[in-house]
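What follows is a short report on a single structure.
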Amino acid sequence: MGQGGDRSGTGVGGALPRFLLLYGLLYAAYGCLSPILPNFLAARGLSARDISLVLAGALLVRLAAGPLAGRFADRRGTGRGILAAAAAIAGLAALAHLPGQGFLVLLTVGLVYALATAPLAPLADALALGAAEGGRAFQYGWVRGAGAAAFIGAASLGGWLIAGHGLAAAVAAGGILFCATALAARLVPAGTPAATEPGATVGLWQGFFTLLRSGAYRRILLVAALVVGAHAMHDTFTMILWREAGIGAGLAGLLWSEAVAAEVLVFLLAGPWLIGRLGPGLCLALAAGAGALRWAVTAETVALPAVAAIQVLHGLTFALLHLACLNLIAANIAPGLRATALTLYGSLGVGLATALLTLAAGSLYATFGARAFWAMAALSLAAVPVGLSLRATKSPPFSGTGTVHI
């Protein structure tokens, strides 16, 4: 995105601390709320079936709301305003959980919360990528790494709040942090006005069709779906697998923290360095190959040295993959379609694939146990040639005819 349209009154050179504040608050809010919302719903008397309906409904809302918000932001040039409004609504919806009682009330509040949170991360990414264009002011990985660190810190804070004051305290903290995110969103550069952005003037639905007609963009979505989606079995069953192998909760927490530390390190330092030297296409292949190795080892052994060794691969299988995908999107997608591309990436490339593979993981793990991780290894391995096919992508200018050439 262009730099000259900074309507926030701040130069791009001073944008880094503002984006650090935005990402820190946004991911801290997620860190407080995401791990505990199902438990909160259960504490309010919802059955397992009711909770699954609330979460499934929220997923469907996010899949639709995110891309629509992204397209609207592109067409109107109002990404910062939509981000601020959505964060404020998310905060109010989170706080509305506190007096909520009964399935219908909590379902309604949950759907509003899902509607508001759907575009938050992609719109923040679109603004950050625009401000960081060319690495002149900062690198995107710096602010995303700060967000990952804030998520972990807030999750720990949430645990402390729950221990001392109950689940409601963590929900309240998350709601307040989302409201603070809305204020922080108003401080970051707004980007270039919509009328000057290539791609912004194409029709609402034509914007989606333009992106999905692009073979390279479809390959970016496919790599993300395969590699990030393969984490579904890990996120659902790894703690169970470790417990059954005699790895206690304390040690399991340290192993999980090791993976998160690797993620933060790659976002902040290693990822930008690798992309600068290998290019994003090779980095996608590297991330996919690391995923295949990680899940193959998980399928075959729970020996502690092996488990500890593969945790560092999370920095490649998640953080490096995300950086490479966003690098390709930033370099090759017209600025006026970038928020649309990022929200589609988050919903189709990551969200839908993760949901479907989470459903499949249950049957696979019930049938094969740890050996089911071989299926995730196969998915990651299948992404290697797709990533390699993106090595030669170029970034010619947007044609202005409704086609993105990437």
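Atom set for the values below is all heavy atoms of this structure, side chains included, hydrogens, waters and symmetry mates excluded. All residue numbers in this chain count up from 1 along the given sequence.
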| message | Check for me whether R144 meets the cation-pi criterion with Y27, that is, NZ or CZ under 6.0 Å from the six-membered ring centre and within 45 degrees of the ring axis. | response | yes

| request: Would you name the heavy atoms of A94 and G175 that are closest together and state the gap between them? | output: CB-CA, 3.7 Å

| note | One should read off an interatomic distance between L68 CG and L63 CG, to the nearest 0.5 angstrom, of 11.0 Å

| Short side-chain to backbone donor-acceptor contact, R44 and G100, under 3.5 Å | yes

| Of all pairs that satisfy ring-ring contact (aromatic ring centres under 6.0 Å, His included), the ones with a partner from residues 220-242, not counting sequence neighbours | H231-W295, H231-H314, H234-W256, H234-W295, F237-Y365

| field | Heavy-atom pair with the smallest gap, counting every atom of A69 and I82 | value | O-CD1, 4.0 Å

| Side-chain (T108) to main-chain (L104) donor-acceptor, under 3.5 angstrom | yes

| task | For A224 and V350, work out which heavy atoms get closest and say how close. | result | CB-CG2, 4.3 Å

| query | Out of T298, L364, L226, V227, which one pairs with M376 under the side-chain contact (heavy atoms from CB on, under 4.5 Å) rule? | reply | L364

| Mind checking what makes ring pair (Phe, Tyr, Trp, His ring centres under 6.0 Å) contact with F151, not counting sequence neighbours? | none

| Is the side chain of Y23 donor-acceptor paired with the backbone N or O of A124 at a distance under 3.5 Å, no angle test? | yes

| request: Please answer whether the main-chain N or O of A259 pairs with a side-chain N or O of E263 as donor and acceptor at a distance below 3.5 Å. | output: no

| task | Flag the pair I329 / L342 as yes when at least one side-chain heavy-atom distance between them is below 4.5 Å, and no otherwise. | result | yes

| request: Over all heavy atoms of both residues, which pair between L222 and V386 is shortest? Give the atoms and the distance, please. | output: CD2-CG2, 4.0 Å

| query | Has the side chain of R218 got a donor or acceptor atom that lies under 3.5 Å from a matching backbone atom of L212? | reply | yes

| field | Proximity of Y30 and F178 rings by center, below 6.0 Å | value | yes

| request: Using the side-chain contact (heavy atoms from CB on, under 4.5 Å) rule, take L107 and L53 through it: C-alpha gap first, then chi angles, then the decisive distance, then the call. | output: CA-CA 8 Å; L107 173 64; L53 289 174; 5.7 Å; no

| request: Take L22 and L83 through the test side-chain contact (heavy atoms from CB on, under 4.5 Å) and record every step on the way to the result. | output: CA-CA 10 Å; L22 173 66; L83 175 61; 4.0 Å; yes

| More than 12 heavy atoms from other groups under 6.0 Å of CZ on R277 | yes

| message | Could you go through L316 and L274, starting from their C-alpha distance and side-chain angles, then the distance that decides it, and tell me whether this counts as side-chain contact (heavy atoms from CB on, under 4.5 Å)? | response | CA-CA 10 Å; L316 301 179; L274 284 169; 4.3 Å; yes

| message | With rounding to the nearest 0.5 angstrom, report the CG to CG distance, L25 to L183. | response | 9.0 Å

| task | For the residue pair Q311 and V307, establish whether any side-chain heavy-atom pair is separated by less than 4.5 Å. | result | yes

| field | Considering all heavy atoms, the nearest A131-F19 contact | value | CB-CE1, 3.5 Å

| note | Between the NE2 atom in H322 and the CG atom in L284, the distance rounded to the nearest 0.5 Å is 12.0 Å

| With distance as the sole test, does R294 use its side chain to make a donor-acceptor pair with the main-chain N or O of T317 at under 3.5 Å? | no

| request: Ignoring hydrogens and angles, tell me if any N or O in the side chain of R80 forms a donor-acceptor pair with the backbone of L127 under 3.5 Å. | output: no

| Flag side-chain contact, heavy atom, 4.5 Å: V297 against L313 | no

| query | Are the side chains of L323 and C283 in touch, meaning some heavy atoms are under 4.5 Å apart? | reply | no

| field | Minimal non-hydrogen separation, A149 against V264, with atom names | value | N-CG2, 3.9 Å

| query | Does V112 reach the side chain of L115, with side-chain heavy atoms less than 4.5 Å apart? | reply | no

| said: Strictly distance-based, threshold 3.5 Å: is any side-chain N or O of S34 a donor or acceptor partner for the main-chain N or O of G31? | reply: no

| said: What's the separation between atom OG1 in T340 and atom CZ in F72, rounded to the nearest 0.5 Å? | reply: 12.0 Å

| How long is the span from the CD atom in Q139 to the CG atom in L16, to the nearest 0.5 Å? | 10.5 Å

| field | T181 and L120, any side-chain heavy atoms less than 4.5 Å apart | value | no

| query | With a 4.5 Å limit on heavy-atom distance, are the side chains of F103 and S47 in contact? | reply | no

| task | Mind running side-chain contact (heavy atoms from CB on, under 4.5 Å) on L106 and D50 for me, showing each step along the way? | result | CA-CA 10 Å; L106 290 170; D50 290 340; over 6 Å; no

| message | Contact between Y345 and L326 at the side-chain level, heavy atoms closer than 4.5 Å - yes or no? | response | yes

| In Å and rounded to the nearest 0.5 Å, what is the CD to CD1 distance from E258 to I310? | 9.5 Å

